[in-house]
Structure formats: structure tokens, C-alpha cells
Amino acid sequence: MITEAIERTIDQNLIEAARNLIDRYNNIVVCTHMSPDGDAVGSSLAMVGYLRKKGKNAVVIYNDMPGDNLRFIPGIANEMVYDPQCQPANNTREEAEKAVKEAECFVITDLNVPSRLGDLGSVVMASQAPKILIDHHLNPSETDFDVVISHPEASAASELVYSFILQMGDDALVDKTIATQIYSGMMTDTGQFVFASNRPQVYMIVARLLQEDFNKEQLHRDLVLEPERRTRLKGFVLQQKLQIVREHKAAYFSLSKAELKRFNHQKGDSEGFVNMPLDISGIMVSAFFREEKNIIKVSLRSKGEYPVNLLAQKFYHGGGHRNAAGGEFLGTLEQAEQLFVKALPIFDKFL
Ligand code: 5GP
Ligand code: MN
């Protein structure tokens with residue numbers, strides 16, 4: 001019952017094309033997007049675990065360190081991380097580059113354009129080794145990859161990794177660890193199965209994963225655990241930083257470098273903050289501007305038909321999904337915020 005409904009998710013011709021590559025090559029490098037989130041980590045770890053079970057010499061290289069909040073995902077500590085901002089880096093640039101250069105084949109999850117690979121992206125894309133993409137973002141850049149498995153309707157790239165394994169005929173290789181990794185990715189990308197998860201297949205896959213007997217309740221608890229400094233920063237944002245533009249059903253806030261320092265902000269600490277204003281009744285769109293070393297990082301969220309991916313594309317050199325997008329801004333926090341407020345009227349038709 002379960003398999004019949006889900007085993008046709010991916011075009012079987014693409015599965016066969018990927019199978020040819022995976023059968024042929026031994027050294028396989030798995031990559032995902034920079035600033036990896038739960039789905040990036042879950043999909044890449046599940047993929048590398050699966051490839052190892054098939055006897056491959058496979059590694060994941062993270063282009064930067066996954067946040068401490070994702071440490072509950074099993075296996076994360078054993079993979080390569082090349083993070084130029086992490087002192088000391090887990091792996092040196094040389095080590096990461098060596099692994100990339102020795103790769104005979106790449107599997108890339110949870111991104112649609114090479115620029116999302118981050119710092120190492122240019123080395124990956126310079127490699128002649130074939131590249132398999134497994135992703136759920138809109139508009140993948142088809143020409144950059146050799147096999148493009150793209151399903152924007154999927155809840156998570158992790159969900160697609162399960163479909164991939166199933167359609168490869170390897171369902172039996174899904175063990176407790178792989179099941180936990182896939183579930184973690186689906187759980188995080190759907191806000192614990194709140195959004196992007198109405199397709200019955202999502203729960204059929206969850207039902208299959210639960211056969212591996214992992215502790216689902218514990219994963220949900222681990223996901224929301226946070227250090228005290230994050231709780232306090234959240235309070236600061238809600239109390240002192242949040243701006244509401246009622247006329248356009250919008251909310252936004254920013255955090256400067258000084259503010260982040262004051263709260264001893266560590267990577268991942270403010271992840272998800274941008275969702276908070278959407279809980280205010282009448283608010284349809286939310287923006288978070290975070291001052292980083294040389295740029296302003298922009299995170300956007302919305303409800304319903306409101307296309308924040310268009311807003312990100314048009315104003316912040318970014319993109320993403322209709323209800324979750326992001327980008328970057330060169331300038332001051334104030335300028336980034338002003339641009340948002342100025343852009344709002346254009347999107348009133350989606351309210
Ligand atoms: P977040 O707000 O969590 O950083 O990103 C949400 C989503 O927006 C990501 O999953 C990704 O699809 C998209 N996104 C975030 N930042 C960027 C960016 O700089 N460029 C592009 N193209 N997409 C981004
Ligand atoms: Mn994802």
C-alpha cells in the first residue's frame with residue numbers, strides 16, 4: 001500500500017541515470033547548501049549513509065558548520081566540515097579540496113543553484129565528475145547538473161532521498177540511523193509537519209520510517225531545545241525590535257552585530273526567529289535582517305499566496321520558496337529595512 005503510492009515519485013529514467021553513475025563510481029562526495037539546516041543535514045547524511053551501505057567510499061562535505069541546534073541528528077559529528085569562519089576549522093581547505101578533486105561523482109541535495117554551495121562551490125563545479133541533484137526548490141539550474149531530480153512539491157529534500165532509495169530498490173538498506181536522518185529533515189523543513197506537508201505520501205513515508213523504531217518524540221523535543229542565550233535574545237527581539245506595518249500586514253526586525261555580540265549569539269541561535277511574527281493575527285509577511293561581516297543576511301517568511309521568493313529575488317539578490325525565502329543586502333541594516341517597507345505595497349495584491 002505504502003510503496004505503490006510513493007514508488008513513482010521520481011521519474012524512473014532519472015533513477016536509472018543516477019544508478020548508472022552510482023554503480024560505476026566508488027568515490028562519491030555528497031554536498032548540500034551552505035548554512036545547512038535540518039533538511040540539508042538530514043538529506044546529506046541519509047544519502048551518504050545509504051551510499052556507504054552500498055559499499056561506496058562516500059563522504060559529506062559541509063561548507064560550513066551546522067548549528068549546535070542540529071547536533072541531535074545522528075552522524076553529523078563524523079563528517080567533513082570546511083568552515084573558513086570556524087576556528088579551528090574541522091577540516092582545512094586543502095583537505096576539503098582534495099576530497100572534492102578525488103570525487104568521481106557528486107550527489108548534491110537541497111539546493112537548486114551552485115551558488116548555494118558556498119565557498120567550495122567553485123571547486124565542486126570545476127570538477128568534471130558527474131553531478132546528481134536531489135532537490136525540492138523551484139527552478140533548478142538544469143545545465144549545472146547531470147541528473148536533475150527536482151520536486152518542488154516535496155516536503156523536504158530528505159523526503160526525496162527516501163523516494164530515491166526506495167526506487168533504487170534499496171528500501172531494505174534504510175536502518176534506524178538513516179530513518180532518523182530522513183525524519184529529522186522532513187520534521188525541520190515542515191515546521192514539525194505544519195506546512196508543506198499535506199501530501200499523503202509524507203505520512204506514508206513517515207509510517208515507513210517509524211518501522212525502524214527511532215524515538216520520534218525525543219527528536220521533536222531535541223529540536224526545540226535551546227540555550228538560555230537564545231531564549232533571552234528571542235525576548236529582546238519581541239519586546240524591543242519588532243516593527244509592525246499593519247497597513248501591509250507585515251512585520252520585520254533586525255539584529256546588529258553589536259546586539260548579536262551582546263547576547264553572545266552563536267551560529268543557529270536566531271534560526272526560526274523570522275517565523276515568530278507570523279503568529280500575530282493579521283500578519284502575513286515577516287522579515288529578519290541580520291548584520292554579518294560584510295553583508296546583511298535577509299530572511300523572509302509569509303503565509304498563503306504571498307510570494308516572498310519574488311520579494312527576495314527582486315530586492316535582495318536571493319530566492320527560495322513562496323513562503324520561505326532569503327537573500328543578501330549590501331548596505332546598512334536601516335537601508336535593508338527601508339527597502340522592505342518600500343517594497344510592501346507592490347505585494348498588497350497577495351494579501
Ligand atoms: P533562511 O531564511 O532559512 O535562511 O532561508 C529560507 C530559504 O530561502 C532557504 O531554504 C533558501 O531556499 C532560500 N534562501 C535563503 N537565502 C538565500 C540566498 O541568499 N539566495 C537564494 N537564492 N536563496 C536563499
Ligand atoms: Mn530543504
Side-chain angles (χ1 to χ4, degrees), residues 31-47 63-64 66-67 69-70 73 108-119 121 133-141 144 149-164 181-193 195-197 202 252-255 267-278 285-292 294-302 306-330 336 340:
C31 299
T32 187
H33 64 78
M34 57 182 173
S35 306
D37 58 10
D39 186 32
V41 171
S43 59
S44 55
L45 288 179
M47 178 52 72
N63 194 82
D64 46 358
N69 58 322
L70 297 175
I73 304 178
I108 297 168
T109 68
D110 201 28
L111 60 81
N112 56 350
V113 285
S115 61
R116 296 281 293 148
L117 282 165
D119 234 45
L133 179 73
I134 302 183
D135 181 46
H136 69 135
H137 294 86
L138 290 170
N139 309 322
S141 73
D144 287 310
I149 296 174
S150 165
H151 286 265
E153 78 282 7
S155 65
S158 301
E159 179 196 324
L160 292 170
V161 168
Y162 176 74
S163 300
F164 182 82
Q181 292 158 341
I182 292 173
Y183 185 87
S184 299
M186 294 173 69
M187 168 179 79
T188 51
D189 250 25
T190 57
Q192 308 198 56
F193 301 98
F195 45 82
S197 51
V202 169
Y252 66 94
F253 58 94
S254 66
L255 286 169
K267 204 181 179 83
D269 275 1
S270 51
E271 200 177 305
F273 279 14
V274 65
N275 293 304
M276 296 190 296
L278 293 182
V285 56
S286 165
F288 169 26
F289 304 93
R290 191 177 66 224
E291 189 179 16
E292 292 187 354
N294 300 313
I295 54 137
I296 308 294
K297 177 71 202 153
V298 184
S299 275
L300 300 164
R301 296 291 185 276
S302 67
Y306 202 110
V308 278
N309 52 340
L310 297 189
L311 208 159
Q313 252 170 38
K314 209 167 154 62
F315 296 99
Y316 297 109
H317 311 285
H321 312 268
R322 186 180 63 194
N323 296 128
E328 294 176 355
F329 180 79
L330 280 173
F340 176 68

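This chain uses plain numbering: 1 for the first residue, then up along the sequence. Both counts, for ligands and for their atoms, begin at 1 and track the order of listing.
Nearest approach of G320 to N309, heavy atoms of both residues: O-CB, 3.4 Å.
Remark: the S158 side chain and the D39 side chain contain an N/O donor-acceptor pair separated by less than 3.5 Å.
S197 contributes a side-chain N or O that, together with a main-chain N or O of F195, makes up a donor-acceptor pair within less than 3.5 Å. In this structure, T109 contributes its side chain and I134 its backbone to no donor-acceptor pair below 3.5 Å. A side-chain donor-acceptor contact under 3.5 Å links Y316 to the backbone of A336.
Scanning the protein for heavy atoms near atom 3 (O) of ligand 1, the closest one is R301 NH2, 2.9 Å. Of all protein heavy atoms, the one lying nearest to atom 15 (C) of ligand 1 is G326 CA, 3.4 Å. Nearest protein neighbour of atom 23 (N) of ligand 1, counting heavy atoms only, is G319 O, 3.3 Å. Atom 20 (N) of ligand 1 has its closest protein heavy atom at G318 CA, 3.6 Å. Atom 7 (C) of ligand 1 has its closest protein heavy atom at A324 O, 3.7 Å.
Every N/O-N/O distance between L300 and ligand 1 stays at or above 3.5 Å. Residue K297 places at least one N or O, backbone or side chain, under 3.5 Å from an N or O of ligand 1.
In this structure, the side chains of M186 and F193 come closer than 4.5 Å at one or more pairs of heavy atoms. A 4.5 Å side-chain heavy-atom check between I73 and Q181 finds at least one atom pair inside the cut-off. Under the 4.5 Å side-chain criterion, counting only non-hydrogen atoms from C-beta, D119 is not in contact with D64.
The Mn ion (ligand 2) lies at 2.8 Å or more from every N, O or S atom belonging to D135. The Mn ion (ligand 2) has no N, O or S atom of H137 closer than 2.8 Å. Note on D37: not counted as a metal contact of the Mn ion (ligand 2), no N/O/S atom lying under 2.8 Å.
Geometry at the Mn ion (ligand 2): NE2/H136 and OD2/D39 form an angle of 90°, nearest 10 degrees.
Of all the N, O or S atoms in D110, the one closest to the Mn ion (ligand 2) is OD1. Shortest distance from the Mn ion (ligand 2) to D189 is reached at OD2 (N/O/S atoms only).
Close approach to S299 involves these atoms of ligand 1, each under 4.0 Å from a residue heavy atom: 1 (P), 2 (O), 4 (O).
The heavy atom nearest to atom 10 (O) of ligand 1, out of those in H137, H33, E271, H317, is found in H137.
Of the options T32, N63, L111, a side chain to side chain contact (heavy atoms under 4.5 Å, CB included) to L117 is made by L111 and by none of the others.
Under a 4.0 angstrom heavy-atom cut-off, R116 registers as being in contact with ligand 1.
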Kindly indicate, with the supporting measurements, whether the criterion side-chain contact (heavy atoms from CB on, under 4.5 Å) is fulfilled by D110 and H136.
CA-CA 6 Å; D110 201 28; H136 69 135; 3.1 Å; yes

